[in-house]
Amino acid sequence: MKVRVRFAPSPTGGLHLGGVRTILYNYLFAHHHGGEFVIRIEDTDRNRFVEGAEQYIMECLTWCGLEPDESPVKGGPFAPYRQSERKDLYRQYADQLVASGHAYYAFDTPEELENMRKEHRKDEYSAAQYDSRTRLLMRNSLTLSAEETQQLIADGTPHVIRIKIPENTTVTLTDMIRGEVSFDSSLVDDKVLMKADGMPTYHLAVVVDDCLMEITHAFRGEEWLPSAPIHVLLWEYLGWKDKMPQWVHLPLILKPDGNGKLSKRDGDRLGFPVFAMNWTDPKTGDVNMGFKEMGFLPQAFVNMLAVLGWNDGTEQEVMSMDELISKFSIDRVHKGGAKFDFEKAKWFNHQYIQQTDDATLAALSRPFIEANGVNPGEELLLKVIPLIKDRCTLLSDFWTQGHFFFATPELKEKAAITAKWNDTKVQFFTEWAASLTNITDWTEQALEESFNELAATIGLKKGEVMLPLRIMLVGGKYGPGVFAIAEVIGMEETVKRVNSALVEIAG
RNA sequence: GGCGCGUUGGUCAAUCGGCUAAGACGCCUCCCUUUCACGGAGGAAUGACGGGUUCGACUCCCGUACGUGCUACCA
């Protein structure tokens with residue numbers, strides 16, 4: 001049987017790290033087995049629907065290089081791939097369940113439900129849920145006569161369809177990561193399958209669509225494990241038990257500090273992104289930073305995520321997509337949740353920047369450089385990149401580490417010069433700047449030679465004037481070799497920076 | 001509260017009964033570098049706890065603790 005997996009996001013906002021990792025594992029698994037990976041949009045909740053979220057999710061997939069085989073935009077043999085467009089499909093299955101006695105109509109108002117919960121919260125069974133012990137106290141087709149039920153429905157009374165969970169049976173399922181997991185059905189409540197607005201809930205929709213779309217392996221976050229028995233029962237009641245997918249409940253990605261599931265607020269609080277790409281909330285206008293915009297390479301981002309909760313058992317951590325596909329296996333996925341480590345994420349990005357060729361880096365880093373109002377020529381950029389790439393962790397570092405190649409810097413660390421400044425040094429720099437116009441061979445080596453000679457002539461140690469020169473050219477105590485910098489920025493600019501620094505120090 | 005799941009250095013983790021417990025990130029020291037990084041060489045740092053089973057347990061079993069998830073007409 002052909003492997004078919006799906007990722008089924010709700011279009012409610014930014015695409016979270018955990019979501020991307022679930023997509024990744026789906027993708028790796030599908031490709032490893034020569035199967036198919038489909039995207040299905042679970043937009044059954046009208047209240048939480050966010051305009052633009054679906055398109056955003058698809059853009060994130062493209063950026064990550066995790067293209068699905070079937071999706072709402074791409075189409076496919078099981079279209080449509082949006083649950084809102086499949087709305088009419090679900091009703092018949094819900095009705096089938098009612099007919100077979102596995103589900104029932106419920107007419108309770110939100111107030112009635114609230115009262116029931118409040119009352120039962122205090123009694124001996126603290127669960128306070130709509131289940132075998134309380135369903136007979138409520139207004140539903142189990143407590144109402146068939147006529148009354150028909151009448152209420154005919155009158156258009158708002159109602160839902162609930163699954164009738166059996167009493168005292170054990171529901172067991174096999175999870176590919178955790179093995180056998182069992183639940184006492186008495187502790188599971190009669191979840192709503194069809195909402196009053198005619199939309200199915202996740203529980204019904206996921207089972208129906210997974211069956212209809214011939215999904216063989218269902219990957220999802222561990223937070224779904226507690227509701228898995230409902231799904232297992234549904235597969236059984238619908239008569240599809242032999243087609244039920246293998247379950248794969250993935251461990252959660254946790255906050256780096258403290259405990260708990262990583263949330264978008266942790267990113268804001270700790271200063272790192274949790275979304276793949278920038279997400280702008282259309283209502284509030286708030287922008288949440290994405291890994292892409294922070295300067296991550298998609299390959300690094302994906303690699304980092306792949307090994308957060310999975311490894312191939314060797315010491316290798318940096319792996320290409322092809323390697324990930326061939327090595328991936330579910331039995332090497334960890335059971336426990338993993339705390340997200342932004343430092344490690346940056347380390348991966350640094351690794352990928354080092355192994356990316358300069359022309360590609362030029363194209364990738366250009367937007368981050370131009371965002372600062374400069375527009376370097378390609379030739380210049382290509383000279384700068386090899387000089388600074390090994391000190392760049394994020395693409396944005398090509399600006400922070402190389403801005404002085406593109407624009408005259410401010411003397412931010414002037415104090416480091418003035419602390420040990422004297423007339424001899426003034427003389428040295430004045431003469432050196434003047435002598436530069438005579439250099440015919442404008443190379444790093446020639447520049448250093450002339451610098452050394454003059455220092456010796458004037459009686460200064462090279463070390464005394466190296467740092468001042470660096471600050472004059474760079475503005476601070478960092479960057480590649482000073483003479484290499486001078487070579488790249490050219491004679492005119494070098495002379496200009498030394499002379500204006502002299503003026504600024506004197507003033 | 002109930003139920004589920006989990007627990008190897010600060011973090012990601014290897015180990016599938018023989019351990020003097022890999023490796024990576026981060027941290028510290030030194031080297032390289034008349035800057036800052038990169039790089040190189042070292043270093044500190046680990047089996048939640050208690051019982052079993054076993055010649056032998058980080059590995060298997062039970063309990064406890066802790067953590068976490070769920071407990072909506074949200075997914």
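Below, chain A is the first sequence line, B the second, and so on; all start at residue 1. Here the structure is a predicted model, which means the values were calculated and not measured.
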For A/Tyr478 and A/Arg470, work out which heavy atoms get closest and say how close.
-> O-NH1, 2.6 Å
Considering all heavy atoms, the nearest A/Met138-A/Asp108 contact = CB-OD1, 3.2 Å
Once you apply a heavy-atom cut-off of 4.0 Å, does [X] come out as touching a base, just sugar-phosphate, or nothing?
{"X": "A/Ala196", "value": "base"}
{"X": "A/Val307", "value": "sugar-phosphate"}
{"X": "A/Lys462", "value": "base"}
{"X": "A/Gly221", "value": "nothing"}
{"X": "A/Thr44", "value": "sugar-phosphate"}
{"X": "A/Lys261", "value": "sugar-phosphate"}
{"X": "A/Asp190", "value": "nothing"}
{"X": "A/Pro480", "value": "base"}
{"X": "A/Lys191", "value": "sugar-phosphate"}

Find every protein N or O atom lying less than 3.5 Å from an N or O atom of nucleotides 3-8 of chain B, and list the pairs.
residue	atom	partner	partner atom	Å
B/rC5	O2'	A/Arg178	NH1	2.8
B/rC5	O2'	A/Glu222	OE2	2.5

Using a strict cut-off of less than 4.0 Å between a Lys/Arg side-chain nitrogen and an Asp/Glu carboxylate oxygen, indicate whether [X] and [Y] qualify as a salt bridge.
{"X": "A/Arg135", "Y": "A/Asp190", "value": "yes"}
{"X": "A/Lys344", "Y": "A/Asp341", "value": "no"}
{"X": "A/Asp43", "Y": "A/Lys87", "value": "no"}
{"X": "A/Glu464", "Y": "A/Lys420", "value": "no"}
{"X": "A/Glu167", "Y": "A/Arg133", "value": "no"}
{"X": "A/Asp397", "Y": "A/Arg391", "value": "no"}

Find the distance [X]:[atom1] to [N]:[atom2] and express it as a whole number of Å.
{"X": "A/Asp266", "N": "B/rU68", "atom1": "CG", "atom2": "P", "answer": "12 Å"}
{"X": "A/Met194", "N": "B/rA72", "atom1": "CE", "atom2": "C1'", "answer": "17 Å"}
{"X": "A/Ile485", "N": "B/rA37", "atom1": "CD1", "atom2": "P", "answer": "15 Å"}
{"X": "A/Leu387", "N": "B/rC36", "atom1": "CG", "atom2": "P", "answer": "17 Å"}
{"X": "A/Phe483", "N": "B/rU35", "atom1": "CZ", "atom2": "P", "answer": "12 Å"}
{"X": "A/Trp224", "N": "B/rU71", "atom1": "CH2", "atom2": "C1'", "answer": "13 Å"}
{"X": "A/Lys477", "N": "B/rU34", "atom1": "NZ", "atom2": "P", "answer": "17 Å"}
{"X": "A/Met199", "N": "B/rA72", "atom1": "CE", "atom2": "C1'", "answer": "17 Å"}

If you compare every side-chain N and O of [X] against the phosphate oxygens of [N] (OP1, OP2), does one of them come in below 4.0 Å?
{"X": "A/Arg470", "N": "B/rC36", "result": "no"}
{"X": "A/Asn311", "N": "B/rA14", "result": "yes"}
{"X": "A/Arg332", "N": "B/rU15", "result": "yes"}

Using a 3.5 Å limit on both pairing distances, list the dot-bracket string of RNA chain B from the 5' end; Watson-Crick and G-U wobble pairs count, crossing pairs take [ ], interstrand pairs take |.
-> (((((((..(((.....[....))).(((((.......)))))....(((((..]....))))))))))))....
Quick one: list whatever passes side chain to side chain donor-acceptor pair (under 3.5 Å) with A/Asp331, sequence neighbours left out.
-> A/Ser329
For A/Lys389, all residues meeting side chain to side chain donor-acceptor pair (under 3.5 Å), sequence neighbours excluded | A/Asp358
Report the residues that fulfil salt bridge (Lys or Arg N to Asp or Glu O under 4.0 Å) with A/Asp189, sequence neighbours left out, ordered by chain and then residue number.
-> A/Lys191
Mind checking what makes salt bridge (Lys or Arg N to Asp or Glu O under 4.0 Å) contact with A/Glu453, not counting sequence neighbours?
-> none
Quick one: CZ on A/Arg332 to NZ on A/Lys327, what's the gap to the nearest 0.5 Å?
-> 10.5 Å
CG of A/Asp209 to CZ of A/Arg40: how many Å apart, nearest 0.5 Å?
-> 4.5 Å
Are any of the side-chain heavy atoms of A/Arg178 and A/Glu222 separated by less than 4.5 Å?
-> yes
Work out how far the [atom1] atom of [N] is from that of [M], and round it to whole angstrom.
{"N": "B/rG26", "M": "B/rG10", "atom1": "C1'", "result": "8 Å"}
{"N": "B/rU53", "M": "B/rU71", "atom1": "C1'", "result": "37 Å"}
{"N": "B/rU15", "M": "B/rU59", "atom1": "C1'", "result": "8 Å"}
{"N": "B/rA75", "M": "B/rC70", "atom1": "P", "result": "14 Å"}
{"N": "B/rG4", "M": "B/rU8", "atom1": "C1'", "result": "24 Å"}
{"N": "B/rG40", "M": "B/rG23", "atom1": "P", "result": "15 Å"}
{"N": "B/rG42", "M": "B/rG47", "atom1": "P", "result": "25 Å"}

By nearest-heavy-atom nucleotide on RNA chain B, the more 5' of A/Ala8 and A/Asp390 is A/Asp390
With side-chain contact (heavy atoms from CB on, under 4.5 Å) as the test, would you mind laying out the steps for A/Asp95 and A/Gln92 before giving the verdict?
-> CA-CA 5 Å; A/Asp95 288 338; A/Gln92 64 180 107; 5.5 Å; no
Qualifying ring pair (Phe, Tyr, Trp, His ring centres under 6.0 Å) pairs, either residue in residues 168-198 of chain A, two or more places apart = none
B/S/- contact track for nucleotides 22-28 of chain B, protein heavy atom under 4.0 Å | SSBB---
Residues within residues 244-257 of chain A bordering RNA chain B, heavy-atom distance below 4.0 Å = A/Leu252
Those residues that, when tested against A/Leu502, pass side-chain contact (heavy atoms from CB on, under 4.5 Å) (two or more places apart) = A/Trp421, A/Phe429, A/Thr430, A/Met472, A/Val498, A/Asn499
Taking ring-ring contact (aromatic ring centres under 6.0 Å, His included) as the test, write out the residues that go with A/His403, two or more places apart.
-> A/Trp399
From the list B/rC36, B/rC73, B/rU15, which nucleotide is the closest neighbour of the side chain of A/Leu113?
-> B/rC73
Protein-nucleotides 59-64 of chain B N/O pairs under 3.5 Å:
none

